[in-house]
Amino acid sequence: MKISLYNTMGRTIQEFKPINEDSVGFYACGPTVYNYAHIGNLRTFIFEDILKRELTHSGYNVNHVMNITDVGHLTGDGDDGDDKLAKTAKETGKSAMEIAKFYTAAFKKDFNALNMIEPNTWCKATDHISDMIKLIQRLEKGGHTYQSGGNVYFSIDTFPEYGKLASLKMDDLQVAVRDDVSEDLNKKNPKDFVLWFTNSKFGEQQMMWDSPWGRGYPGWHIECSAMSMKYLGESFDIHTGGVDAIPVHHTNEIAQAEAATNHKWVNYWIHGEFLLTDSGKMSKSKGEFLTLQLLIDKGYDPMDYRYFVLGGHYRTQIKFSFDTLDIARKNRLSIVSRIQEMLDNGAKKIEITSENATSLAQEFDESCASNLNMPKALAVLWKTLKSDKISDSEKYSLVLYFDQVLGLRFEEVKKSEKEELSDELESLLIERTQAKKNRDFGRADEIRDELDKLGYVVKDTAKGPVLSKKL
RNA sequence: GGUGCCAUACCCAAGCGGUAAGGGAACGGUCUGCAAAACCGUGAUGCAUCGGUUCGAAUCCGAUUGGCACCUCCA
């Protein structure tokens with residue numbers, strides 16, 4: 001099946017054609033590990049996971065690389081900033097390495113909890129300093145750099161295509177610095193950016209390395225260019241990130257990579273939109289943000305959040321609210337209980353062969369392949385669950401097939417087991433059944449209320465009463 | 001100041017020129033001692049507003065209104 005994707009480079013939906021027939025090189029901008037990831041960050045990673053799953057589902061062998069930024073990510077503009085990790089370290093009294101290690105582990109925990117498939121390669125910035133230095137040297141030889149005020153800068157005037165991803169024009173760039181951003185007088189062009197720092201206003205950094213330009217540390221943008229080329233080659237297929245990366249980070253990455261190699265670097269740039277709250281964007285710098293753990297603490301399953309994210313297209317902003325998350329949970333649990341019911345009725349995984357089932361599979365695949373239209377894909381899932389034209393086994397098999405892309409852990413749904421009820425619950429249930437038999441409905445309803453208080457709901461099914469935990 | 005994006009029923013949300021997917025809520029029904037669950041059914045003559053293009057527009061163009069993001073760090 002042909003996959004079409006919205007390419008930020010060109011701003012159009014394009015048919016995906018990889019450089020090599022069967023394999024895809026895929027670089028995803030990873031987290032900066034100076035704090036917990038918030039659920040807005042995680043939305044982007046879920047979108048990337050869906051993209052990766054869809055490519056795999058369509059038969060491509062995906063080589064997925066994700067970086068971990070553990071140095072050099074400034075909090076402010078140019079020289080005016082401070083390394084985020086160093087800043088957090090200063091505030092907490094821990095070493096930058098300790099901070100990075102701690103939040104990397106926290107990130108991976110969230111990553112796994114959301115059922116995201118791990119990259120083939122995780123790469124840490126601090127493990128690749130020499131690769132970055134080599135790339136800067138290459139740029140230096142090509143005449144794309146200059147030194148000023150102790151730092152090495154990239155000169156955007158040496159790269160005529162600068163800004164093509166963000167549709168920036170050179171004229172705009174000259175006046176692009178806003179009033180509220182202090183100008184770095186070392187720069188020839190206000191949009192030039194630092195490749196290597198030796199001179200920080202913030203005194204001794206914890207993490208410094210020797211380089212041809214002196215002891216210091218790399219700029220943020222050079223990390224991704226250097227690491228992606230190391231693992232995926234000097235041209236590869238897909239590079240993803242959040243929309244915020246378009247005008248600066250990815251724009252600068254392109255400048256570095258293409259100025260160094262003199263040829264096109266990445267074919268498809270795919271960006272995920274933001275998750276918003278009532279007051280706008282969720283942001284780490286504002287201090288308050290929701291983490292996955294917080295949702296878990298409130299009783300949500302990580303899959304509830306994943307379902308919530310799948311409910312909106314990756315290129316539209318979605319507004320987070322607990323009301324909407326509740327609906328996502330309800331939907332998801334409804335699907336799970338339908339699956340369980342199928343299994344209880346003896347449904348098994350089988351080959352999908354009937355015409356009706358095949359056409360549902362086709363419809364699902366087309367939705368995913370059409371620029372990852374997951375809301376539509378979920379509609380096909382519901383259509384499948386409600387269809388009376390296919391058998392339970394076909395239904396179940398389709399659900400598992402869909403879940404290769406959805407990643408909602410439907411394969412983990414098991415037959416309902418006779419739950420181990422406490423003696424108290426057991427006897428209440430028996431008493432209620434007896435009361436009903438004796439047409440003592442007053443007592444029966446009393447018991448139902450008692451069970452409700454204990455957090456259980458009674459369902460009177462054809463096979464007798466079933467007790468399930470209240471949601 | 002500059003640059004983009006968005007506006008679809010009570011809520012969330014697809015749709016990208018051919019006559020409005022899906023889910024939730026609500027309402028009606030079947031079932032039930034009554035409920036819950038489940039199942040069946042109902043729901044926008046209209047897609048912010050006003051113009052325009054077209055045989056045909058939620059979809060294209062222009063204007064207006066409202067919301068958001070980016071041009072510092074951010075997913």
Side-chain angles (χ1 to χ4, degrees), chain A residues 11 13 28-32 34-35 37-48 73-78 80-82 84 87 163 166-169 171-173 175-182 190-191 220 240-249 251 271-276 280-286 289 307-308 310-313 315-319 321 323-332 334-335 337-338 341 363 367 370-371 373-383 386 388 436 439-442 444-445 448-449 452 457-462 465-466 468 470:
Chain A
R11 313 255 164 169
I13 292 178
C29 274
T32 302
Y34 66 95
N35 204 333
H38 60 62
I39 59 174
N41 301 129
L42 294 172
R43 180 195 178 187
T44 300
F45 293 109
I46 291 172
F47 133 67
E48 288 163 352
H73 201 157
L74 301 175
T75 55
D77 169 59
D80 205 15
D82 195 354
K84 282 185 172 173
K87 198 177 165 195
S167 312
L168 298 174
K169 297 189 187 78
D171 290 350
D172 300 336
L173 296 173
V175 291
V177 174
R178 298 186 333 226
D179 300 345
D180 55 330
V181 176
S182 62
K191 279 290 186 180
W220 173 34
T240 62
V243 285
D244 58 303
I246 297 169
V248 180
H249 183 48
T251 289
H271 294 96
E273 254 298 349
F274 276 131
L275 178 81
L276 305 176
K281 174 172 78 163
M282 192 171 288
S283 127
K284 286 183 188 174
S285 46
K286 282 187 197 162
F289 57 84
Y307 188 98
F308 166 84
L310 263 41
H313 190 263
R315 289 216 335 114
T316 66
Q317 298 174 341
I318 52 178
K319 204 159 139 189
S321 74
D323 285 350
T324 320
L325 184 62
D326 283 339
I327 291 172
R329 168 166 67 173
K330 189 168 185 171
N331 277 320
R332 198 193 120 252
S334 169
I335 294 167
S337 78
R338 282 159 197 268
E341 203 177 310
E363 200 180 335
S367 304
S370 167
N371 196 24
N373 190 337
M374 302 323 286
K376 198 171 171 189
L378 287 178
V380 178
L381 171 64
W382 281 100
K383 189 173 168 185
K386 293 190 168 184
D388 55 5
K436 279 181 68 176
R439 305 194 72 79
D440 181 0
F441 299 122
D445 289 351
R448 188 163 65 201
D449 289 345
D452 183 76
V457 183
V458 195
K459 292 180 194 173
D460 288 321
T461 70
V466 174
S468 55
K470 239 192 335 191

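In the text below, chain A, chain B and the rest are named by the order of the sequence lines, each starting its count at 1. Model, not experiment: these values are computed from the prediction.
- Comparing the P positions of B/G15 and B/G29 gives an interatomic distance of 37 Å, to the nearest angstrom.
- Taking the P atom of each, B/C50 and B/A57 are spaced 15 Å apart, rounded to whole Å.
- Annotation: B/G2 and B/C61 have their C1' atoms spaced 24 Å apart (nearest Å).
- For B/A13, there is no paired nucleotide, since no Watson-Crick or G-U wobble pair has both relevant distances below 3.5 Å.
- The shortest side-chain heavy-atom distance between A/Lys191 and A/Thr251 does not fall under the 4.5 Å cut-off.
- For the pair A/Lys191 NZ and B/U3 C1', the interatomic distance rounds to 11 Å; values are reported in whole Å.
- Following rounding to the nearest Å, A/Arg329 (CZ) and B/A25 (C1') show an atom-to-atom distance of 16 Å.
- Annotation: salt bridge (Lys or Arg N to Asp or Glu O under 4.0 Å) contacts of A/Arg448 (sequence neighbours excluded): A/Asp445.
- For B/A26, the paired base is B/U42 (Watson-Crick or G-U wobble, both distances below 3.5 Å).
- Distance check on atom C1': B/C73 versus B/U59 gives 38 Å, rounded to whole Å.
- Here the side chains of A/Glu273 and A/Thr316 are not in contact, with every heavy-atom distance at 4.5 Å or above.
- Here B/G66 sits opposite B/C6 as a Watson-Crick or G-U wobble pair (both hydrogen-bonding atom distances under 3.5 Å).
- Here the separation of B/G41 from B/G24, taken at their P atoms, is 14 Å to the nearest Å.
- Here A/Arg332 lies out of heavy-atom contact (under 4.0 Å) with every strand.
- At whole-Å resolution of the value, NE2 in A/His249 and P in B/U72 are 15 Å apart.
- Taking atom P on both nucleotides, B/U54 is separated from B/C10 by 34 Å, rounded to a whole Å.
- Using a 4.5 Å heavy-atom threshold, the side chains of A/Leu275 and A/Phe308 count as touching.
- By the salt bridge (Lys or Arg N to Asp or Glu O under 4.0 Å) test, A/Asp440 is found to be paired with no residue, residues two or more places apart in sequence or in another chain being considered.
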Distances under 3.5 Å between protein N/O atoms and the N/O atoms of nucleotides 30-37 of chain B, please, pair by pair.
residue: B/G33; atom: N1; partner: A/Asp445; partner atom: OD1; Å: 3.0
residue: B/G33; atom: N2; partner: A/Asp445; partner atom: OD2; Å: 2.8
residue: B/C34; atom: O2; partner: A/Arg448; partner atom: NH2; Å: 3.2
residue: B/C34; atom: N3; partner: A/Arg448; partner atom: NH1; Å: 3.0
residue: B/C34; atom: N3; partner: A/Arg448; partner atom: NH2; Å: 3.4
residue: B/C34; atom: N4; partner: A/Arg448; partner atom: NH1; Å: 3.3
residue: B/A35; atom: N6; partner: A/Asp460; partner atom: OD2; Å: 2.8
residue: B/A35; atom: N3; partner: A/Arg448; partner atom: NH1; Å: 2.8

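- The base-pairing partner of B/G1, taking Watson-Crick or G-U wobble contacts with both distances under 3.5 Å, is B/C71.
- Residue A/Lys383 is the one, among A/Gly241 and A/Lys383, whose nearest nucleotide of RNA chain B lies closer to the 5' end (criterion: closest heavy atom).
- Nucleotide B/A75 holds its P atom 4 Å from the CG atom of A/Asn41, rounded to whole Å.
- Whole-Å rounding puts the A/Asp326 CG to B/A25 C1' distance at 13 Å.
- In this structure, the CZ atom of A/Arg11 is 18 Å from the P atom of B/A69, given to the nearest Å.
- Looking at residues two or more places apart in sequence or on another chain, you find a salt bridge (Lys or Arg N to Asp or Glu O under 4.0 Å) between A/Lys383 and A/Glu363.
- Nucleic acid contact for A/Glu273: base, since at least one base atom lies under 4.0 Å from a heavy atom of the residue.
- B/C11 and B/A44 have their C1' atoms separated by 14 Å, given to the nearest Å.
- Using a 4.5 Å cut-off on side-chain heavy atoms (C-beta onward), A/Asn41 and A/Phe289 make no contact.
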- Message: Walk me through whether A/Ile46 and A/Leu310 qualify under side-chain contact (heavy atoms from CB on, under 4.5 Å).
- Response: CA-CA 9 Å; A/Ile46 291 172; A/Leu310 263 41; 4.1 Å; yes
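- Sequence order on RNA chain B of the closest nucleotides to A/Trp382 and A/Ala245 puts A/Trp382 first from the 5' end.
- Nucleotide B/U19 forms a pair with no other nucleotide shown, judged by Watson-Crick or G-U wobble geometry with both contacts under 3.5 Å.
- Here, B/A20 and B/U65 have their P atoms 32 Å apart, quoted to the whole Å.
- Considering only residues two or more places apart in sequence or on other chains, A/Lys376 meets the salt bridge (Lys or Arg N to Asp or Glu O under 4.0 Å) condition with none of them.
- The separation between A/Glu363 atom CD and B/G15 atom C1' is 13 Å, rounded to whole Å.
- Using Watson-Crick or G-U wobble geometry with both donor-acceptor distances under 3.5 Å, B/G33 finds no partner in any strand shown.
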- Message: With side-chain contact (heavy atoms from CB on, under 4.5 Å) as the criterion, how do A/Asn371 and A/His313 come out once you've worked through the C-alpha distance, each side chain's angles and the decisive distance to 0.1 Å?
- Response: CA-CA 9 Å; A/Asn371 196 24; A/His313 190 263; 3.7 Å; yes
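- In terms of heavy atoms, A/Gly312 sits closest to A/Pro375 at C-CG, 3.8 Å.
- Put simply, NZ on A/Lys386 is 10 Å from C1' on B/C39, counting in whole angstrom units.
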Name the pairs: protein N/O against N/O of nucleotides 11-14 of chain B, kept only if under 3.5 Å.
residue: B/A14; atom: OP1; partner: A/His313; partner atom: N; Å: 2.8
residue: B/A14; atom: O3'; partner: A/Asn373; partner atom: ND2; Å: 3.0
residue: B/A14; atom: O2'; partner: A/Asn373; partner atom: ND2; Å: 3.4

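- Pairing of B/C60, defined by two Watson-Crick or G-U wobble distances under 3.5 Å, is identified with B/G52.
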